[in-house]
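Structure first, commentary second.
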Amino acid sequence: MKILVAVKRVVDYNVKVRVKADGTGVETANVKMSMNPFDEIAVEEAVRLKEAGRATEIVVVSVGPAQAQETLRTALAMGADRAILVQTDVETQPLGVAKALKALAEKEQPGLVILGKQAIDDDANQTGQMLAALLGWAQGTFASKVVPAEGTVAVTREIDGGLETVDLKLPAVVTTDLRLNEPRYASLPNIMKAKKKPLETVDAAGLGVDLTPRLKTLKVAEPPKRAGGVKVGSVQELVAKLKTEARVI
Amino acid sequence: MTTLVIAEPSTEGLKTPTLTTLGAAAKLGGDVHVLVIGQGIASVADATAQVAGVAKVLTADAAELAHGLAENVAPLVVNLVKSGGYSHVLAPSTTFGKNVAPRVAALLDVAQISDITGVESPDTFTRPIYAGNAIATVQSSDPVKVATVRGTAFEAVAATGGSAAVEAVSGAADAGLSTFVSQEVSKSERPELTSARVIVSGGRGMQSGDNFPLLEALADKLGAAVGASRAAVDAGFVPNDYQVGQTGKIVAPELYIAVGISGAIQHLAGMKDSKVIVAINKDEEAPIFQIADYGLVADLFKAVPELTAELGKAG
Ligand SMILES: Cc1cc2nc3c(=O)[nH]c(=O)nc-3n(C[C@H](O)[C@H](O)[C@H](O)COP(=O)(O)OP(=O)(O)OC[C@H]3O[C@@H](n4cnc5c(N)ncnc54)[C@H](O)[C@@H]3O)c2cc1C
Ligand SMILES: Nc1ncnc2c1ncn2[C@@H]1O[C@H](COP(=O)(O)O)[C@@H](O)[C@H]1O
């Protein structure tokens, strides 16, 4: 079974983003960029399935600017076999990305597509579900366990009340939650090897896909700031303040 | 203009996320219909018909909808939108809503707007991005607006005062793509995290799941729910559904007590809209103190039992 994994280049999760003064977005110039953490988990899962003899080939895909090649190289260093960049300079939105992934899935015929549950920049949590819809496939979202069998895959999902397990017909789409696995660090020899792995670049038009954003961002603003609080000296003082000042107990 | 709200599935009754989603629908204006799906849901449908401001309740009662599988729910919603002429489809930002709404949107070839926190006009919404470190105002030009609604950002509508007609809809079918196998639901006598008035949350500082009874004793005194940071969940102290944060549950109680939690942005994203925040942490430099209304620099193993005792005293 071939596995397709989608990886997005995003502002590193350790960066405290700043809203641009003109309100058009957040500052991304000279900011550290990394692979979306959920996508690292997606790559790791694919690599583990391959190591366990469940997968034969791992193809990683990113939709984004030329710099997303770095993200793809990271995935190759983690153990993916080959990479495809759908190069575009427009802001990617989930529906457009899902359409690009659909076109590639039709070409590559994977048995499983693994995505992150959420990109930590747009916090959309949509692309996997949209891709499954467009392909007419089953979806196993927010996965904390993925067990492929003959023609099916059992996915344990993190849901609001606890955990749920579903059986999906293959091919299927899976999106990763945080506890699916702990991604490995790429070793130096593997980083070197990754430089020689194939990385193909295509454009959206070549795939017959329209990536034009559907949602227009009118404004990006700072969230309301909390006024700084006070330190209390003792438990007694805390209880007194909660009662008489905050009046919440 | 008519909005279709997809109710949070439950066989037990009307759920809070449905009522807050209806709060967002009310801001849109126009008629509001609610789709109740599941198996054996007649009483839930009747309760939904009593909700203030609901013009019609549609029920889809079928075995293949019993577990809310997106593969079966989405085509049903899409058919309703196509035949019913809905301008908006809203679902709660629960794991159910997040699973189903994008599938609906893609089948309609429209964008989905995730986790809206404000309605500026029928086509313009605010939503948090970058773990809530920025708020985007976005406009949709699609013919149908599909959105999920952040429960903490809208007032729940009154559960009574309405008298909507209840109409059964058919057309649900098993897509044959997925089957429900099992569910492990954490049982708790405590209030649900997303609707609790008070939450006591523990982090890595708790050191072990064996120490969570300390927090539970405090929670019992306050009638509180118990939550956790990702570090506490990853370490196996508590189940995954306790996680508060960017990628866990978003909460906004009257009082949030963070115990042994450092205050990473991903955690703050899930709780910084709480009315009053208390932090107990032994490190006075912990970032959580920058947003806490009341900070107590102390060893939690001493402070938490003291706090529980003090609350007991006061009665
Ligand atoms: C993609 C992504 C998504 C994430 N999503 C979430 C999310 O949804 N929710 C979330 O919470 N995190 C999330 N995280 C993780 C987040 O970045 C932090 O790692 C996590 O919140 C830290 O948890 P913590 O505060 O419990 O642990 P730590 O940061 O280790 O803090 C422990 C704190 O306990 C204090 N402490 C220790 N012992 C005591 C004691 N005896 N008495 C008092 N205080 C004590 C310490 O001083 C310290 O401040 C995410 C991370 C990533 C990359
Ligand atoms: N531009 C992109 N390129 C590749 N994968 C993407 C892109 N955008 C989103 N994805 C995938 O879809 C997942 C969910 O993203 P989102 O729906 O934007 O929250 C991510 O974790 C990625 O796996």
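- Proximity to chain B is absent for every atom of A:Lys225, based on heavy atoms less than 4.5 angstrom apart.
- Scanning both residues, B:Glu310 and A:Val235, for their nearest heavy atoms gives CB-CG1, 4.1 Å.
- Pairing each heavy atom of B:Arg103 with each of A:Ala132, the nearest pair is NH1-CB, 3.3 Å.
- Within residues 176-184 of chain A, the residues having any heavy atom under 4.5 Å from a heavy atom of chain B are, by residue number, A:Leu178, A:Arg179.
- Using a 4.5 Å cut-off between heavy atoms, A:Arg18 makes no contact with chain B at all.
- One finds no salt bridge joining A:Asp123 and B:Arg127 here, because no Lys/Arg side-chain nitrogen approaches an Asp/Glu carboxylate oxygen to under 4.0 Å.
- Counting heavy atoms from C-beta outward, A:Pro223 and B:Lys272 have side chains that approach closer than 4.5 Å.
- Here the side chains of A:Gln118 and B:Gln246 are in contact, with some heavy-atom distance below 4.5 Å.
- Proximity to chain B is limited to the side chain of A:Val11, based on heavy atoms less than 4.5 angstrom apart.
- The minimum heavy-atom distance between A:Val166 and B:Phe180, with the atom names listed, is CG1-CA, 4.2 Å.
- Within the 4.5 Å cutoff, the side chain of B:Ile135 has no heavy atoms near those of the A:Lys219 side chain.
- Note: B:Asn99 leads B:Val185, B:Asn133, B:Asn99 in heavy-atom pairs under 4.5 Å with chain A.
- Proximity of B:Asp241 to A:Ile159: side-chain heavy atoms (C-beta onward) are nowhere separated by under 4.5 Å.
- With respect to the salt-bridge test (charged N to carboxylate O, under 4.0 angstrom), the residues A:Lys99 and B:Asp109 qualify.
- Donor-acceptor pairing under 3.5 Å is lacking for the side chains of A:Thr165 and B:Gln183.
- Checking side-chain atoms of A:Gln236 against main-chain N and O of B:Leu307 turns up no donor-acceptor pair under 3.5 Å.
- For the pair A:Lys231 and B:Tyr294, the cation-pi test (distance below 6.0 Å, angle within 45°) is failed.
- In this structure, the portions of A:Leu218 lying under 4.5 Å from any heavy atom of chain B include both its backbone and its side chain.
- Using a 4.5 Å cut-off between heavy atoms, B:Lys302 makes no contact with chain A at all.
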